[in-house]
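Heads up, the thing below is written out as C-alpha cells.
Per chain, numbering begins at 1; letters A, B, ... match sequence-line order.
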Amino acid sequence: MGIISNGTTLLDAGAIDSGIASGAMVLLSTLTASNSATLDFTSGITSTYKEYMFKYINVHPSANNTSTFFGFQVDTGTNTNYAQTMTTTHFRGAHSEADNHATVQVGADRDQAEGTALQSLAYAVGGNADECISGTMSLFDPASSTFVKHFLSRANVYYEADITMDSFTAGYVNTTTALTRVRFKMTGGNIESGIIKMYGIV
Amino acid sequence: MAIISNAVTIADAGAFSVSLGSMTHIKTLTASSSANLQFVHGSSSVILNNTYPIYLFKMINIHGANSQELNVDFSIDSGSNYSQAKTSTFFEAQHSEDDGTNTLAYDGDRDLAQSNSGVSLTTNVGNGNDESACAEMYLFNPSSTTFTKHFITRAVYYDENGAGVRDAFGAGYRNTTSAVNAVKFKMDSGNIDSGIIKLYGIKDS
C-alpha cells in the first residue's frame, strides 16, 4: 500500500518512492578505534555501489614517531593478507606553526610502484593529546572484474613536528579481481582512538 | 494529511519533512561506444538549474576507444553550442609502475586561457582492457546570472602505455554570466567505449 500525501506518493512497496529525491550517500558502517591494531571493513563492499567513500575522523595514534604513518590496504574474497599490488602517487602541502616551513612536494617515500605494502594516507601523525588525522577516500567500483581499482584520498594531518600537512594520495590496486575488504592501520603502534565511516554512493 | 510518528511530522503536503540527505542522485548515463555523454537540463529527467547551488559529477571507469584525454564542456543553450571561453588550470602527480617517473608538475598544455576548447580532465588515459579513468567534478551555481561558473576537478587514471598512475587536478571558470544548463563529457577523439557518469545535486537548505 502506498502512502500518498497531497497527491504525491511518498512511500510504496516498502521503500521511498522513486520520484522522491533522497540521499545519495548511504552510511554503511562505522568502526571506532580503541587502541586498535587495525580497523577492518570486511563486509558490505559489493557491487551494490560504484563508489565507496571512507571518512577518517580524528584518527589518533598511540605513538608519536616520524616513521609512523596511517594507511590502508585491501583484499579479495575472505583473504586476510592485505597485500594487494598498488601503484600510487603521494604529494603534500605543508606549513609549520612557526611559519618557517612551507612547501608542496612529492612524497616519494610514501608512494608505491607495484608495491604490496600498506599505502600511506598521511605520515608522522602527532601522538600528543590533541593531534590527529582527518580525511576522506573514494574507492571506485571495487567489484569490477574488468578494471583495476582506482582510489582518491585527501587528508589533513597534524604532523608530529607541529606542522599541518595536506596529503593527496591516489592510485590503483592492480587487479581485476573484486575487492571485498579494506583495512586501515598505523605502521607503528595502534590506532588509539578515532572513527572511520564507510558510505555507499548511490 | 500529515504523517506523524512519535509527535514528529515525517511528511506533509506531498513532501518529506525530515531530512533525506543533502546529496541527491539525479541521473546516471552509461556509455556504450558513445561519442559523448551529455546532461541537458529538462531532458531525460536531468536537473541542472537553480534547484541546487552545487552539482557533482562522478565519472567511473571511463574507458576510451583510443588512448585519449577525457574532456568536459559547458553550454548555455541546452547543448546547441559548447564552444565558449574558459580559463582553467591543470597540474598532476604521476608515478610509473617501474618507479622511473615520479613527478608533480603544472601542465601548460592542458590549461586554457579564454579558450573555446574543452576542459581537460586527464592527459591520455590507457585503453588496455583493464585501464580506465575515475574522476569527479564540482560545478558551482550554474544558474547564476551574475557570476562566472566555477568548476573543480580531480581524476585518477591509468596512464597510456601501461606507464603507471596519474592524479590530475583541474579548476577554472566558464567565463559567462549566462546560466549554464548543459554539460558534455567526451574523449579528445574516438568514442567512450564504456563507463558511467553520475550527476548529483548538493542542497544548501
Side-chain angles (χ1 to χ4, degrees), chain A residues 3-11 16-17 19-27 49-51 53 85-92 104-109 111-115 138-141 144-154 168-176 199 201-202, chain B residues 1-3 10-16 19-26 28 47 51 56 58-61 63 92-105 128-136 154-159 164-169 194-196 198 200-203:
Chain A
I3 295 178
I4 300 168
S5 172
N6 209 29
T8 300
T9 300
L10 299 178
L11 300 167
I16 294 173
D17 188 77
I20 301 295
S22 57
M25 191 170 165
V26 179
L27 176 62
Y49 300 99
K50 288 291 188 183
E51 178 186 353
M53 185 178 287
T85 300
M86 299 185 190
T87 294
T88 64
T89 64
H90 178 87
F91 71 94
R92 61 233 178 193
V104 58
Q105 62 184 133
V106 170
D109 52 344
D111 60 18
Q112 299 195 69
E114 296 296 90
S138 289
L139 176 63
F140 296 99
D141 203 5
S144 171
S145 57
T146 303
F147 296 109
V148 300
K149 312 303 184 297
H150 292 285
F151 68 90
L152 291 171
S153 172
R154 183 177 184 180
F168 296 84
T169 310
Y172 52 78
V173 183
N174 201 351
T175 180
T176 55
Y199 301 85
I201 307 300
V202 173
Chain B
M1 182 188 74
I3 301 171
I10 304 296
D12 196 10
F16 281 94
S19 172
L20 297 179
S22 295
M23 178 172 158
T24 301
H25 174 240
I26 296 170
T28 296
I47 298 169
T51 302
L56 171 61
K58 299 268 190 177
M59 290 66 86
I60 299 171
N61 284 338
H63 180 78
E92 63 181 345
Q94 176 185 8
H95 191 202
S96 62
E97 291 187 355
D98 65 4
D99 210 14
T101 303
N102 193 340
T103 59
L104 172 65
N129 287 341
D130 64 349
E131 300 170 3
S132 64
C134 295
E136 58 188 23
R154 187 179 181 187
V156 58
Y157 56 100
Y158 206 112
D159 194 19
V165 66
R166 294 193 186 216
D167 184 9
F169 296 77
S194 63
I196 62 173
K198 290 172 173 277
Y200 303 88
I202 311 289
K203 297 177 186 173

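Highest contact tally toward chain A, considering only Asn129(B), Asn61(B), Ile60(B), is held by Asn61(B) [criterion: heavy-atom pairs under 4.5 Å]. Your options are Glu114(A), Gln112(A), His90(A), and the one with the most heavy-atom pairs under 4.5 Å with chain B is Glu114(A). Considering only heavy-atom pairs separated by less than 4.5 Å from chain A, the leading option among Ala93(B), Cys134(B), Gly128(B) is Cys134(B). For the set Val26(A), Val104(A), Asp141(A), Thr176(A), the count of heavy-atom pairs under 4.5 angstrom toward chain B peaks at Asp141(A). The residue among Asp98(B), Val165(B), Ile196(B), Asp99(B) with the most heavy atom pairs within less than 4.5 Å of chain A is Val165(B).
If you measure heavy-atom distances from Thr146(A) to chain B, the contacts under 4.5 Å come from both the backbone and the side chain. Neither the backbone nor the side chain of Thr28(B) comes within contact range of chain A; no heavy atoms are under 4.5 Å apart. Looking at Phe168(A), both its backbone and its side chain come within 4.5 Å of chain B, counting heavy atoms on both sides.
Of the options Thr88(A), Thr169(A), Thr89(A), a side-chain contact (heavy atoms from CB on, under 4.5 Å) to Asp167(B) is made by Thr89(A) and by none of the others.
Heavy atoms only, all atoms of each residue included: Ala108(A) and Asn102(B) are closest at CB-ND2, 3.5 Å. Ser96(B) and Ala113(A) make their closest contact through O-CB, 3.5 Å (heavy atoms, listed as atom of the first residue, atom of the second, distance). Of all non-hydrogen atoms in Val156(B) and Ala170(A), the two that sit nearest each other are CG2-CB, 3.9 Å.
Within the 4.5 Å cutoff, no side-chain heavy atoms of Tyr172(A) are placed close to those of Glu131(B). With a 4.5 Å cut-off on side-chain heavy atoms, Lys50(A) and Lys58(B) do not count as touching. Side chains of Ile201(A) and Lys198(B) form no contact here, defined as non-hydrogen atoms less than 4.5 Å apart.
Atom-to-atom distance recorded for Glu51(A):CD and Met59(B):CE is 11.0 Å, nearest 0.5 angstrom.
The aromatic rings of Phe91(A) and Phe169(B) stand perpendicular to each other, their planes meeting at an angle above 60°, with 30° marking the opposite boundary.
In this structure, Tyr200(B) contributes its side chain and Val202(A) its backbone to a donor-acceptor pair below 3.5 Å. At least one donor-acceptor pair under 3.5 Å links the side chain of His150(A) to the backbone N or O of Ser132(B).
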Yes or no on side chain to side chain contact (heavy atoms under 4.5 Å, CB included) for Arg154(A) and Arg154(B), after CA distance, side-chain angles and deciding distance? CA-CA 11 Å; Arg154(A) 183 177 184 180; Arg154(B) 187 179 181 187; 4.1 Å; yes
